[in-house]
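Here the structure is a predicted model, which is why all the values come from computation and not from measurement.
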Amino acid sequence: MRKALITGASRGIGRAIALRLAEDGFALAIHYGHNREKALEVAEEAKRRGSPLVAVLEANLLEAQAATALVHQAAEVLGGLDTLVNNAGITRDTLLVRMKDEDWEAVLEANLSAAFRTTREAVKLMMKARFGRIVNITSVVGLLGNPGQANYVASKAGLIGFTRAVAKEYAGRGITVNAVAPGFIETEMTERLPEEVKKAYLAQIPAGRFGRPEEVAEAVAFLVSERAGYINGQTLCVDGGLTPH
């Protein structure tokens, strides 16, 4: 039985990933930061979809010790850990000249430093088993840039570099580390955008539509599978053709 921790799994892309892995029979640790009710709903749905064991775990990933402890808590309740999906993240958007130090630091802490800490602890467990799958959810803005998001873009670009480095460190131990970079996905964030902004975004996407969280989840499900054992250190864009290659 495969055992996975998914951070930020109470809604959006994280929720879709959890439910997709449930269909593949994963035991799951569903992490949330604030909304326990939503996390419990995901857990119940994951059970219905086939997960044999689901735990709901709270942690404030802005706190270093909480991020570290989360991995060990997940391994304890699941009886091990062979899969980690670093999905949790925050935004605090504003133009650079208006950006406060705390806005920069909070986004880097939640989006990049927390992934460093969870990955560091997970790798220790995976090395003993000589098998592991780690997927970091980055963003196409980490490749393309985006005005008003210097902190978010830096965190996501950093996550891509982090992925490449760790992949090379542990490939010989049967551990793969990859990143998935979603484009514009139908989530609560995109639902709140003004119509004129949505139209401007859509005009950039060759597919002519926003993506669905389930489409991102399919990419993750493949990368954490045993079928993807020779794919390592890669960033897979799920963006409808937005990002040039």
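Annotation: Q65, atom CD; neighbour count of heavy atoms from other residues, nucleotides and ligands within 6.0 Å does not exceed 12. Within 6.0 Å of CZ in R98 there are 12 or fewer heavy atoms belonging to other residues, nucleotides or ligands. Heavy-atom neighbours of E76 CD from other residues, nucleotides or ligands within 6.0 Å: at or below the threshold of 12. Applying the 6.0 Å contact sphere to NZ of K47 captures more than 12 heavy atoms from other residues, nucleotides or ligands. For NZ of K198, the number of neighbouring non-hydrogen atoms (other residues, nucleotides, ligands) closer than 6.0 Å is greater than 12.
Contact check on D82 versus R2 returns a salt bridge, with a Lys/Arg side-chain nitrogen under 4.0 Å from an Asp/Glu carboxylate oxygen. A salt bridge does not link E45 with K38: every distance from a Lys NZ or Arg NE/NH1/NH2 to an Asp or Glu carboxylate oxygen is 4.0 Å or more. A salt bridge between E186 and R212 is absent, with no side-chain N of the basic residue lying under 4.0 Å from a carboxylate O of the acidic one.
Between C237 and L143 there is a side-chain heavy-atom pair separated by less than 4.5 Å. Inter-residue side-chain proximity for V216 and P213 is flagged as unmet; no heavy-atom pair is nearer than 4.5 Å. The closest side-chain heavy-atom distance from E58 to R36 is not below 4.5 Å. A 4.5 Å side-chain heavy-atom check between I205 and F184 finds at least one atom pair inside the cut-off. Contact of the L125 side chain with the V71 side chain is registered, since non-hydrogen atoms from C-beta on lie closer than 4.5 Å.
In the hydrophobic cluster analysis, where Ile, Leu, Val, Met, Phe, Trp and Tyr join through side-chain heavy atoms closer than 4.5 angstrom, L112 is grouped together with W104. No continuous path of hydrophobic side-chain contacts links Y152 to F162 [ILVMFWY only; heavy atoms under 4.5 Å]. Grouping the Ile, Leu, Val, Met, Phe, Trp and Tyr side chains by contacts below 4.5 angstrom, directly or via other members, places L70 apart from I137. Using a 4.5 Å cut-off between side-chain heavy atoms of Ile, Leu, Val, Met, Phe, Trp and Tyr, with links allowed through other members, L84 and Y170 fall into the same hydrophobic cluster. Following chains of ILVMFWY side-chain contacts shorter than 4.5 Å, one cannot reach V85 starting from M1, and the two form parts of different hydrophobic clusters.
Inspection of the N111 and S155 side chains reveals an N or O donor paired with an N or O acceptor under 3.5 Å.
Between the H31 side chain and the V56 main chain, no donor and acceptor come within less than 3.5 Å of each other. Checking side-chain atoms of T91 against main-chain N and O of D93 turns up no donor-acceptor pair under 3.5 Å. Panel note: side chain N151, backbone D103; a donor-acceptor pair is recorded below 3.5 Å. No side-chain donor-acceptor contact under 3.5 Å links D24 to the backbone of F26. With hydrogens and angles ignored, the 3.5 Å screen pairs a side-chain donor or acceptor of N178 with a backbone N or O of G233. Using a distance-only test at 3.5 Å, with no hydrogens or angles considered, a donor-acceptor pair links the side chain of T138 to the main chain of K156. R164 places no side-chain N or O within 3.5 Å of a backbone atom of V177 that could act as its donor or acceptor partner.
Listed here is the closest heavy atom pair of L96 and A150: CD1-CB, 4.4 Å. Looking at every heavy atom in both residues, N232 comes nearest to A167 through ND2-O, 3.2 Å. The shortest heavy-atom contact between N87 and G8 is ND2-O, 2.8 Å. Annotation for V42 and A18: closest pair CG1-CB, 4.1 Å, computed over non-hydrogen atoms. Of all non-hydrogen atoms in L21 and A4, the two that sit nearest each other are CD1-CB, 4.2 Å. Between P52 and A27 the shortest heavy-atom distance is CD-N, 4.1 Å.
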Residues L40, E44; criterion side-chain contact (heavy atoms from CB on, under 4.5 Å); working and verdict | CA-CA 6 Å; L40 290 172; E44 287 303 313; 5.7 Å; no
Kindly indicate, with the supporting measurements, whether the criterion side-chain contact (heavy atoms from CB on, under 4.5 Å) is fulfilled by L28 and L53.
-> CA-CA 6 Å; L28 299 173; L53 174 62; over 6 Å; no
Working for salt bridge (Lys or Arg N to Asp or Glu O under 4.0 Å), residues K199 and E196 | CA-CA 5 Å; K199 289 179 181 178; E196 61 272 19; over 6 Å; no
Go through L242 and Q204 one step at a time and tell me if the side-chain contact (heavy atoms from CB on, under 4.5 Å) criterion holds.
-> CA-CA 7 Å; L242 175 65; Q204 303 175 51; 3.8 Å; yes
Candidate pair E218 and R20, rule salt bridge (Lys or Arg N to Asp or Glu O under 4.0 Å), full reasoning = CA-CA 7 Å; E218 288 293 341; R20 178 62 183 84; 3.0 Å; yes
Test R133 against I175 for side-chain contact (heavy atoms from CB on, under 4.5 Å), laying out the working first.
-> CA-CA 6 Å; R133 296 286 185 267; I175 301 169; over 6 Å; no
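Rounding to the nearest 0.5 Å places CD1 of I134 at 9.0 Å from CG of L81. L202 CG to E195 CD: the interatomic distance, rounded to the nearest 0.5 Å, is 9.0 Å. How far OG1 of T119 is from CE of M126: 8.0 Å, rounded to the nearest 0.5 Å. Atom CD of E169 and atom CE of M127 lie 9.5 Å apart (nearest 0.5 Å). Atom CZ of residue R92 and atom CD of residue E102 lie 8.0 Å apart, to the nearest 0.5 angstrom. Expressed to the nearest 0.5 Å, how far CG of L5 lies from CD1 of I30 amounts to 9.0 Å.
Shown are T7, N136, N86; of these, the side-chain hydrogen bond (donor to acceptor under 3.5 Å, both in side chains) with T118 is made only by N86. Among I185, V180, I6, the one residue that satisfies the side chain to side chain contact (heavy atoms under 4.5 Å, CB included) test with I13 is I185.
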